[in-house]
2 protein chains.
Amino acid sequence: MTDVARVAGVSLKTVSRVVNGVATVDQELAERVHAASAELGFRANFAASALRSGSSTATIGLLIKDLSNEFYANIASAVAVVAKAHHTQLITAHSGENAEDELEAIFDLCRRRVDGLLIVPTGGDHSALKSEIDLGIPMVFIDRKPVGLAADSVVLDNFAGARDAATRLINDGHSRIGILVDTLNMATMRDRLQGVRTAFAEAGLALDDSLVVTNVRGPIEASIEVDRLLASSAPPTAFFCGNNRSGIGVLRSLWQRGTNEALVSFDDFQLSELMPRPFTVVRYDNRALGTISAELLFRRINREVFDPTTVVLPTELCDRGITGLRGPQPQASQRARCT
Amino acid sequence: MTDVARVAGVSLKTVSRVVNGVATVDQELAERVHAASAELGFRANFAASALRSGSSTATIGLLIKDLSNEFYANIASAVAVVAKAHHTQLITAHSGENAEDELEAIFDLCRRRVDGLLIVPTGGDHSALKSEIDLGIPMVFIDRKPVGLAADSVVLDNFAGARDAATRLINDGHSRIGILVDTLNMATMRDRLQGVRTAFAEAGLALDDSLVVTNVRGPIEASIEVDRLLASSAPPTAFFCGNNRSGIGVLRSLWQRGTNEALVSFDDFQLSELMPRPFTVVRYDNRALGTISAELLFRRINREVFDPTTVVLPTELCDRGITGLRGPQPQASQRARCT
DNA sequence: GTGAAAGCGCTAACAA
DNA sequence: TTGTTAGCGCTTTCAC
């Protein structure tokens with residue numbers, strides 16, 4: 001900028017004024033500055049500007065597990081739209097599996113003075129972040145509430161979704177239901193399992209714990225468990241899956257077997273309506289997780305004052321998979337038969 | 001930092017040394033600094049540090065259309081892995097549809113002094129970026145070569161992929177093939193159409209231009225075109241789709257009709273092997289687009305000198321969709337029958 | 001309307 | 001090993 005000032009024959013401050021398009025600058029001087037800028041290839045340094053003026057970095061951070069997972073990608077995409085509307089750049093940090101990595105990434109973003117942080121927690125304890133919040137960096141937690149910390153969060157109604165799912169199966173006459181969930185270290189999974197238990201209790205039925213499988217990591221493990229459960233002397237007549245990955249594994253297994261056990265799985269997924277066998281999903285507005293969190297964050301960033309909020313998004317049951325009947329089918333954009 | 005120095009009773013520079021963990025500092029002084037840091041809630045300001053030391057911002061930018069699209073999400077996910085390995089944060093900017101927005105986003109990232117830029121171009125002209133490259137900001141273009149600019153790029157072998165696809169159909173006895181591609185403003189689409197034309201020419205067949213449909217934007221438009229083409233007096237017996245979105249539309253239409261026209265579509269997608277009808281995809285390593293580009297970018301960032309490179313990734317034909325036969329099926333992790 | 005000087009938070013270069 | 005000084009690129013303050 002000093003060079004530009006020299007070449008344009010004006011003071012540093014005048015260049016600054018022209019570059020920022022602020023205040024009134026003499027037409028001719030402004031043009032000399034523009035000419036000199038172009039000649040020298042001058043580009044304003046955003047960081048230096050923010051440093052001196054104490055203005056915000058116009059940057060928020062998003063901590064997320066894995067963008068190649070549709071669930072997280074939809075959140076990130078929705079967040080990006082809100083960020084753009086606020087003329088803010090988005091730094092996306094991948095936490096990986098590890099809670100320590102996650103903390104380290106958060107601290108790095110704080111050193112970079114992001115205006116705020118959106119966190120899809122890997123789990124673990126978040127009390128270490130209290131100091132960062134006190135320092136004035138707003139945070140909103142997505143999909144899981146923070147542990148050991150009072151902060152905003154946007155989550156799903158996991159309990160109700162799972163209870164509805166199990167109730168549907170029970171009402172359809174099933175009493176032996178295979179339950180496949182991921183690790184119970186995650187509150188989401190605990191809530192979903194609790195929803196299923198509640199549905200059984202409400203129906204006056206006993207849930208056979210030998211049909212409850214935890215730590216189901218992915219589709220392949222889910223397939224294996226389906227085969228194991230169905231080979232038992234008192235096999236289940238239906239399955240509940242705690243997430244779409246195990247749902248897909250079960251779906252594949254059941255389709256291969258050609259048997260007609262019922263299936264309800266948490267999480268919808270792309271092209272679920274074209275799966276080769278009917279099943280049901282616990283659906284919710286995936287993008288809303290991102291949109292609402294980001295809007296909440298910007299309210300905090302804009303210094304709006306309100307008590308820590310938890311937004312709970314509703315779920316609904318939707319039938320998916322093809323029925324075997326040919327003929328006009330609903331388009332993806334107006335998905336079918338949701339309750 | 002000044003406050004920390006005062007509270008710890010040491011000089012500014014000593015605090016700096018302790019914070020950066022560099023050089024040897026007396027044990028006791030270091031502890032006084034740590035204590036003062038904790039007491040005051042001191043957090044190093046990364047931007048100020050980079051400004052003074054002239055070191056890099058340890059940030060790269062990724063310009064991408066839409067993370068909710070599997071193709072882009074896989075690229076972003078792969079880039080994030082490489083960035084993390086280089087201890088670099090990733091700013092993801094969504095270009096939207098608009099070429100002007102894209103340029104504006106790039107300029108913003110340049111003002112932020114990112115170390116480098118990864119761009120999935122929306123199209124349009126990129127000669128305006130020459131000045132930024134000259135300024136020393138390396139750029140790598142993904143999926144499409146830059147227009148009017150010599151820069152690194154990583155692209156697919158669109159021509160060969162499409163030629164292989166059409167040749168497969170021709171060898172299977174098809175001569176009337178419906179061709180559905182998106183706008184020919186995109187070089188990828190032009191290359192794919194050219195690949196199809198070449199396959200016809202090599203087979204000594206004429207391609208009926210009335211079966212070539214351009215500007216097919218998505219699944220719904222594709223479905224409509226399928227219905228139109230099949231209603232004609234000389235309907236096609238097979239379809240080629242220029243991307244997975246139109247492929248999905250055609251697949252849905254053909255499945256609903258219950259007819260057995262052949263289908264080959266560019267781009268694989270999740271759960272394609274569970275689609276209710278056989279078809280074929282032109283597959284490639286989606287993540288490699290991100291991984292290789294990012295690695296190329298970091299070579300540039302590390303001041304390695306080499307001529308502008310274009311990496312072309314190969315494609316292969318893979319059969320997808322269920323065959324109607326029950327029984328053991330290949331797992332997604334070892335996908336079937338790829339040539 | 002324009003410019004000179006001071007300083008944002010930090011580190012390089014040097015001195016002690 | 002520790003401290004002092006100057007200054008990264010920019011904006012503020014205030015005088016002209």
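Convention: sequence-line order gives letters A, B, ...; per-chain numbering from 1.
Nucleotide D/dC8 holds its C1' atom 13 Å from the CE atom of A/Met1, rounded to whole Å. Rounded to whole Å, atom P of C/dC8 lies 11 Å from atom CG of B/Asp3. If you take CG of B/Leu12 and P of C/dG7, they are 15 Å apart, rounded to a whole angstrom.
Look at A/Ser11 and you won't find any side-chain N or O under 4.0 angstrom from OP1 or OP2 of C/dA4. In this structure, A/Thr14 reaches the C/dG3 phosphate: one of its side-chain N or O atoms is under 4.0 Å from OP1 or OP2. Under 4.0 angstrom from either OP1 or OP2 of C/dT11 there lies at least one side-chain N or O belonging to B/Ser16. At D/dC8, none of the side-chain N or O atoms of A/Asn45 fall inside 4.0 Å of OP1 or OP2 (strictly under the cut-off).
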*Kindly indicate, with the supporting measurements, whether the criterion side-chain hydrogen bond (donor to acceptor under 3.5 Å, both in side chains) is fulfilled by A/Ser37 and A/Arg43.*
CA-CA 8 Å; A/Ser37 290; A/Arg43 298 288 179 281; over 6 Å; no
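For A/Asn243, the side chain to side chain donor-acceptor pair (under 3.5 Å) partners are A/Ser246, not counting sequence neighbours. Residues satisfying the salt bridge (charged side-chain N to carboxylate O under 4.0 Å, His left out) criterion with A/Arg190, sequence neighbours excluded, are absent altogether. Remark: A/Ala44 engages A/Val19, A/Phe42, B/Arg111 in a side chain to side chain contact (heavy atoms under 4.5 Å, CB included) (not counting sequence neighbours). The side chain to side chain contact (heavy atoms under 4.5 Å, CB included) search around A/Ser55 returns A/Ala50, A/Ser53, not counting sequence neighbours. In this structure B/Lys145 satisfies the salt bridge (charged side-chain N to carboxylate O under 4.0 Å, His left out) test with no other residue, sequence neighbours excluded. Shown here are the salt bridge (charged side-chain N to carboxylate O under 4.0 Å, His left out) partners of A/Asp26, two or more places apart in sequence or in another chain: there are none.
When heavy atoms are screened at a 4.0 angstrom cut-off, A/Ala47 is found touching no nucleic acid atom at all. Here B/Ala44 lies in heavy-atom contact (under 4.0 Å) with sugar-phosphate atoms only.
For residues 101-141 of chain B, the ring pair (Phe, Tyr, Trp, His ring centres under 6.0 Å) pairs, not counting sequence neighbours, are B/His126-B/Phe141. Screening residues 72-100 of chain A for ring pair (Phe, Tyr, Trp, His ring centres under 6.0 Å) gives A/His86-A/Phe298 as the qualifying pairs, with residues at least two apart or on separate chains.
Within 6.0 Å of CD in B/Glu304 there are more than 12 heavy atoms belonging to other residues, nucleotides or ligands.
Side-chain atoms of B/Arg112 and B/Thr59, non-hydrogen and from C-beta on, never get closer than 4.5 Å to each other. For the pair A/Arg144/A/Met186, a side-chain contact is recorded, criterion being any heavy-atom separation below 4.5 Å from C-beta on. In this structure, the side chains of B/Ile133 and B/Leu149 come closer than 4.5 Å at one or more pairs of heavy atoms.
Of the charged side-chain nitrogens involved, at least one lies within less than 4.0 Å of a carboxylate oxygen, so that A/Asp101 and B/Lys84 count as a salt-bridged pair.
The side chain of A/Val25 has C/dT2 as its nearest neighbour among C/dC10, C/dT2, D/dG3. Of the candidate nucleotides D/dC10, D/dG3, C/dC10, D/dC10 has the atom lying nearest to any side-chain atom of A/Phe42. Of the listed nucleotides (D/dT11, C/dT11, D/dC8), D/dC8 has the atom at the smallest distance from the side chain of B/Leu51.
In the region residues 105-116 of chain A, proximity to DNA chain C at under 4.0 angstrom, judged on heavy atoms, holds for none of the residues. Within residues 26-40 of chain A, no residue has any heavy atom under 4.0 Å from DNA chain D.
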Filtered N/O pairs between nucleotides 12-16 of chain C and protein, under 3.5 Å:
from   : atom 1 : to      : atom 2 : distance (Å)
C/dA12 : N7     : B/Lys13 : NZ     : 3.4

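Helix-axis bend for the helix from C/dG1-D/dC16 to C/dA16-D/dT1: the local axis fitted to the five terminal pairs at one end deviates from that at the other end by 30°, rounded to 10°.
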